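Below you'll find the structure, written out as structure tokens, and then a few comments.
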Amino acid sequence: MWTLTRVTTRVLTKMASLIRFAKTSSFVRYTQTATGTAFARCLGTHPAPLKGRSALVTGSTSGIGLGIARALAESGCDVIYTGFADEKLLTDLQEDFRNYSGVKATYIPADLTMPTEVERLCTEAKEHCTDGVDIVVNNAGFQHTSPIESFPLATWDAMMAAMLTAPFLMIKHLLPAMKAKGWGRIINISSAHGLVASVEKCAYVSAKHGINGLTKVVALETAGTGVTCNAVCPGWVPTPLVEKQIRQLMEDHNIAWKDAQTMLLSRKQPSNGFVTPEQIGDMVTFLCSQAANQMTGSVLCIDGGWTAQ
């Protein structure tokens with residue numbers, strides 16, 4: 001009996017010691033913090049993770065760019081958006097962004113095929129952001145398909161200007177302020193065509209391969225500065241750009257919209273489902289988060305298995 005009591009006492013003493021350690025351990029403090037954060041988020045009281053940051057998103061009046069701009073605004077980020085839009089669309093977009101409490105949204109038009117316009121866009125963006133632009137998303141682009149022997153030189157030049165030269169200039173003009181304050185996010189929207197090719201898309205494929213290379217160079221040049229640079233490579237997304245290709249398939253094969261959509265997806269994307277602008281927006285928001293502090297120079301696919309083949 002004495003031995004049993006002695007053993008029990010020792011066990012209880014040991015348990016008490018472990019409990020005291022647990023109450024003061026970093027693990028428990030972290031768990032309590034995480035639990036509290038999750039609870040606050042459920043109540044809608046958790047502060048927006050990107051509040052106080054500002055982002056410039058090109059090609060953001062529709063499609064992928066608009067999905068990204070909305071996702072950043074939802075995270076509390078002020079947004080400068082740019083792209084082609086008529087007065088009605090601009091009015092609708094301003095009304096849309098007013099739904100994000102405490103977020104300032106500013107439209108600045110610019111023709112990204114012209115270097116002087118890109119420089120003006122950057123200058124005006126800096127004037128709207130007291131501490132400089134924190135996040136740059138190079139998204140603008142367009143498509144033209146043609147065999148290379150008949151591909152117009154003017155179209156090639158315009159596509160390279162919008163999808164490769166403009167991102168280079170945006171980074172060149174806006175990077176210094178990011179480095180000065182020790183924080184910045186550069187996210188280049190590339191494509192599955194930045195990793196693999198398709199026929200009759202020589203300019204688009206070349207520009208997207210180029211943007212992946214630019215991403216890696218910028219990542220190396222900014223390593224350790226608090227600035228990161230990554231590329232996102234979507235597959236088929238239901239944007240006006242892709243809808244145009246679906247309509248072309250309808251005309252070429254005399255088939256219905258749904259059949260043309262299935263034909264387009266089945267050629268490349270094993271999931272047979274579109275990637276959504278909202279999903280890409282969520283990926284961009286993640287790349288702006290603290291969890292992605294050490295992600296730089298990455299080329300991230302969101303393509304339904306396209307480039308896994």
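These numbers come from the heavy atoms of this one structure, side chains and all, not from hydrogens, waters or symmetry mates. Nothing here was measured: the structure is a model prediction, and the numbers come from that model.
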inquiry  = Minimum heavy-atom separation for Phe142 and Met163, please, with both atom names.
reply    = O-CE, 3.4 Å

message = Side chains of Arg247 and Trp257, heavy atoms from C-beta outward: is any pair under 4.5 Å?
response = yes

message = Under a 3.5 Å distance rule, please check whether Ser206 uses its side chain to pair with a backbone N or O of Ala203 as donor and acceptor.
response = no

request  = Write down the atom of Thr228, the atom of Met295, and the distance for their closest heavy-atom approach.
outcome  = CB-O, 3.4 Å

remark   = Scanning both residues in full, the closest heavy-atom pair of Ala48 with Gly76 reads CB-CA, 3.6 Å

inquiry  = So Leu56 and Cys129, do their side chains get closer than 4.5 Å, heavy atoms only?
reply    = no

query = How far apart are the closest heavy atoms of Val275 and Gly235, and which atoms are they?
reply = CG2-N, 4.2 Å

query = Step by step, would you call Leu121 with Leu112 a side-chain contact (heavy atoms from CB on, under 4.5 Å)?
reply = CA-CA 9 Å; Leu121 171 62; Leu112 300 185; 3.9 Å; yes

task = Taking the side chain as every heavy atom from C-beta outward, state whether Gln279 and Phe274 have any pair of such atoms under 4.5 Å apart.
result = no

key: Rounded distance [0.5 Å steps], CE in Met283 versus CD1 in Ile302   = 4.5 Å

message = Let's go through Asn188 and Ile171 carefully: what are the C-alpha distance in whole Å and the side-chain angles of both, what is the deciding distance for side-chain contact (heavy atoms from CB on, under 4.5 Å) to 0.1 Å, and is it a yes or a no?
response = CA-CA 10 Å; Asn188 297 317; Ile171 296 167; 4.3 Å; yes

key: Pairwise side-chain contact, Ser266 with Asn272, heavy-atom cut-off 4.5 Å (strictly under)   = yes

Counterpart residues, salt bridge (charged side-chain N to carboxylate O under 4.0 Å, His left out), relative to Arg185 (two or more places apart) = none

ask   = Is it the case that one hydrophobic cluster holds both Met159 and Leu214, taking links as side-chain heavy atoms less than 4.5 Å apart, direct or via other members?
value = yes

ask   = Are Asn293 and Gln290 side-chain neighbours, meaning at least one heavy-atom pair lies under 4.5 Å?
value = yes

query = Going by heavy atoms in the side chains, are Tyr81 and Arg70 under 4.5 Å from each other?
reply = no

key: Sidechain-backbone polar pair: Thr145 side chain, Glu200 backbone, donor-acceptor under 3.5 Å   = no

Side-chain touch Ile186/Met170, heavy atoms, less than 4.5 angstrom = no

ask   = What are the two closest non-hydrogen atoms of Asn230 and Thr296, and how far apart are they?
value = OD1-CA, 3.2 Å

task = Determine, step by step, whether Glu74 and Thr285 satisfy the side-chain contact (heavy atoms from CB on, under 4.5 Å) criterion, reporting the C-alpha distance in whole Å, the side-chain angles of both residues, the deciding distance to 0.1 Å, and the verdict.
result = CA-CA 10 Å; Glu74 188 175 357; Thr285 302; over 6 Å; no

Chi angles and distances behind the side-chain contact (heavy atoms from CB on, under 4.5 Å) call for Asn212, Cys233 = CA-CA 9 Å; Asn212 288 352; Cys233 296; 4.1 Å; yes

inquiry  = Please enumerate all residues that pass side-chain contact (heavy atoms from CB on, under 4.5 Å) together with Thr225, with sequence neighbours excluded.
reply    = Lys179, Thr222, Val227

Rounded distance (nearest 0.5 Å) linking atom OG1 of Thr113 with atom CG of Asp157 = 10.5 Å

task = Go through the structure and list residues passing salt bridge (charged side-chain N to carboxylate O under 4.0 Å, His left out) with Arg267, not counting sequence neighbours.
result = none

task = Examine distances only and state if a side-chain atom of Ser60 and a backbone atom of Leu66 form a donor-acceptor pair shorter than 3.5 Å.
result = no

note = Residue set satisfying side-chain contact (heavy atoms from CB on, under 4.5 Å) with Pro176, at least two apart, ordered chain then number -> none

request  = Report the relative orientation of the aromatic rings in Trp306 and Trp236; use parallel for angles under 30°, tilted for 30 to 60°, perpendicular for over 60°.
outcome  = tilted

Thr215 (side chain) donor-acceptor with Cys229 (main chain) under 3.5 angstrom = no

query = Can we say Asp303 and Lys268 salt-bridge, meaning some charged N sits less than 4.0 Å from an Asp/Glu carboxylate O?
reply = no

query = Considering residues at least two apart in sequence or located in another chain, which fulfil the salt bridge (charged side-chain N to carboxylate O under 4.0 Å, His left out) criterion with Lys181?
reply = Asp134

message = Are Cys77 and Ile135 packed together at the side-chain level, in the sense that at least one heavy-atom pair is separated by less than 4.5 angstrom?
response = yes

Heavy-atom pair with the smallest gap, counting every atom of Val196 and Thr307 = CG2-CG2, 4.2 Å

request  = Report yes or no: do Val232 and Val299 belong to one cluster of Ile/Leu/Val/Met/Phe/Trp/Tyr joined by side chain heavy-atom distances under 4.5 Å?
outcome  = no

query = What residue pairs, at least two apart or across chains, pass ring pair (Phe, Tyr, Trp, His ring centres under 6.0 Å) with a residue in residues 147-168?
reply = His144-Phe151

